[in-house]
Amino acid sequence: MKVTLQEPFQSISGLCNGLVICHQKNGKTYARVPNRPRSTPPTSAEKQMRAKFSDIQKMVTEVLASPALRAHYEKGFKAQLTKSHPYTSLRNYVFAQLYHSL
């Protein structure tokens with residue numbers, strides 16, 4: 001759960017009385033319960049998924065570094081912006097395209 005804090009509390013940040021108080025890029029200040037550390041080790045399926053995710057992230061970085069490949073994906077990204085739920089960034093769009101192709 002996340003709570004938006006009003007003006008008198010917007011200068012506070014850090015851990016306070018069991019809550020994490022943080023500032024977002026949009027200028028708002030939020031208070032939330034800190035994440036609990038995991039009590040069980042990840043399963044082999046989770047490890048495989050994390051490895052796949054990591055590999056695709058590396059591929060996306062390489063694709064966006066290449067001007068020719070970037071131009072190819074930018075064309076598709078701009079075309080999908082007319083959809084009702086478009087991807088919010090080119091990086092997310094490229095990630096989705098590569099993820100579905102593997």
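Excluded from the calculations below are hydrogen atoms, water molecules and symmetry mates; all remaining heavy atoms, backbone and side chain alike, are included. No experiment lies behind these values; they were computed from the predicted model shown.
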>> With clusters defined by side-chain heavy atoms of hydrophobic residues (ILVMFWY) lying less than 4.5 Å apart, directly or transitively, does Leu15 cluster with Val33?
In response: no
>> To check you understand the geometry: which heavy-atom pair defines the closest contact between Arg32 and Cys22, and what is its length?
In response: NE-SG, 4.3 Å
> Is any side-chain heavy atom of Gln57 less than 4.5 Å from a side-chain heavy atom of Arg91?
Replying inline: yes
> Rounded to the nearest 0.5 Å, how far apart are CZ of Phe77 and CZ of Arg70?
Replying inline: 10.0 Å
>> Within a 6.0 Å radius of atom NZ on Lys52, are there more than 12 heavy atoms belonging to other residues, nucleotides or ligands?
In response: yes
> If you measure from CG on Asn92 to CD on Gln97, what distance do you get to the nearest 0.5 Å?
Replying inline: 11.5 Å
> Are Phe95 and Tyr87 an aromatic pair by the rule of ring centers under 6.0 Å?
Replying inline: no
>> In the structure I gave you, are the side-chain heavy atoms of Ser54 and Lys58 within less than 4.5 Å of one another anywhere?
In response: yes
> Salt bridge check: are Arg50 and Glu46 linked by an N-O gap of less than 4.0 Å?
Replying inline: no
> From Glu62 CD over to Leu69 CG, what is the distance, rounded to the nearest 0.5 angstrom?
Replying inline: 10.0 Å
> Shortest non-hydrogen contact from Pro67 to Ala65?
Replying inline: CD-O, 3.4 Å
> Hey, does Tyr73 have a side-chain heavy atom less than 4.5 Å from the side chain of Leu98?
Replying inline: yes
>> Could you walk me through whether Leu64 and Val94 satisfy the side chain to side chain contact (heavy atoms under 4.5 Å, CB included) test, starting with their C-alpha distance in whole Å, then the side-chain angles of each, then the deciding distance to 0.1 Å, before giving a yes or no?
In response: CA-CA 8 Å; Leu64 294 178; Val94 174; 4.1 Å; yes
>> Quick check: closest heavy atoms across Pro34 and Leu19, and the distance to 0.1 Å?
In response: CD-CA, 4.4 Å
> Is any side-chain heavy atom of Thr43 closer than 4.5 Å to a side-chain heavy atom of Gln48?
Replying inline: no
>> As an exercise, state the distance from CE of Met49 to OG of Ser44, rounded to the nearest 0.5 Å.
In response: 11.5 Å
